[in-house]
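Here's the structure we're looking at; comments come further down.
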Amino acid sequence: MKRLFCFLVLAVFVLSCTKNTSKPLKKEKEIIDASVIQESKIVQPIPSDKNIKMGKVIGFWDFEKDGKNSVDNESGDWDIENAQISNGFLDLSVYKYYRGVGKLQELSVSLYDHRLSKYIGLHQRRYFSGAVKFKILKDSPKVMSFITFGLVNRFLSFRINGNILQICTTSSKLIKKIDIGSSFIKGKWNVMYFRYEDFSANGKVPSEGNKLYVQINKNKEFIIDFETIHLDLVAQSSDISLGFVNQSRGECFKGLVDWVIMSVGRMTPENAQYRIQELK
């Protein structure tokens with residue numbers, strides 16, 4: 001009986017000590033500051049608006065699968081009929097491009113929603129993002145176009161000039177040069193991530209949120225202030241496309257492309273990594 005009494009006293013004492021003790025916090029999900037998209041380590045960019053999520057992926061084109069879109073009923077497939085697939089890569093080093101010859105849509109993909117029968121683009125959403133994995137071969141020209149949005153209008157394009165990434169808008173107007181250092185070492189795989197955000201009122205008033213974010217591999221993120229340039233106003237709804245040819249300059253990217261992914265939301269290198277693995 002005495003032993004039972006001592007046990008009860010001890011139990012009451014333990015309960016009284018733990019009653020006001022705060023419960024341990026649950027371990028929050030680990031935040032990954034850096035991620036790896038295949039061979040390329042990419043630092044997570046800082047989002048400018050936490051309310052904008054990854055959004056809907058409208059296309060993942062893995063050229064190991066002949067450029068077919070892995071996202072069903074969203075956008076089309078790349079027009080690469082006259083191009084060559086080598087070892088699972090789109091090989092543009094052997095592609096013969098002649099300005100004004102061939103189809104306008106060649107080496108491009110229409111960003112079109114087949115279910116809704118309408119274009120997905122900047123005329124609907126003022127933010128989009130994407131990533132491209134590519135390799136510049138040792139015998140590639142020093143100056144060349146990389147990726148271009150729009151077949152006729154060409155409202156946004158990227159050009160490579162040695163270690164300089166040039167960003168142009170409508171009519172190939174150069175708005176920014178980025179020295180990306182050693183990122184474009186020939187013969188190495190690169191992943192370029194880009195994100196455009198325009199949170200100004202109706203795309204007409206300059207805003208701190210009207211920016212283009214560019215990041216290559218593990219290098220720092222570059223932020224380009226577009227100021228009064230609003231892509232949603234200059235992008236024609238009938239010409240929302242992405243391609244490796246810039247018709248106005250008569251240039252084509254010369255190198256290898258592994259895959260391309262596009263989203264109509266904020267696709268960061270971190271969340272893109274897992275989505276890409278799923279789609280593969």
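These figures come from a predicted structure and were not determined experimentally.
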- Go through the steps to decide whether Y95 and F244 satisfy the test ring-ring contact (aromatic ring centres under 6.0 Å, His included), and finish with yes or no. CA-CA 11 Å; Y95 179 77; F244 290 111; over 10 Å; no

Would you check if the side chain of [X] reaches a backbone N or O of [Y] as a donor-acceptor pair within less than 3.5 Å?
X	Y	value
S75	I58	yes
N190	K135	no
K177	L165	no
N153	V234	yes

- Do you know which two heavy atoms are closest between L107 and W78, and how far apart they sit? O-CZ3, 3.3 Å

- Positive for side-chain hydrogen bond (donor to acceptor under 3.5 Å, both in side chains) with S145, one of K254, E251, R249: E251

- Given F89 and W259, is the ring-ring contact (aromatic ring centres under 6.0 Å, His included) satisfied, shown in steps? CA-CA 8 Å; F89 308 119; W259 49 256; over 10 Å; no

- Query: Should the heavy atoms of other residues, nucleotides or ligands under 6.0 Å from NZ of K142 be counted, would the total exceed 12?
  - Reply: no

- Query: Which of parallel (below 30°), tilted (30 to 60°) and perpendicular (above 60°) describes F194 and F149?
  - Reply: perpendicular

- Task: Check the angle between the aromatic planes of F128 and Y196 and answer parallel, tilted or perpendicular using the 30° and 60° thresholds.
- Result: tilted

- Pi-cation contact, W61 with K68 (under 6.0 Å, within 45°): no

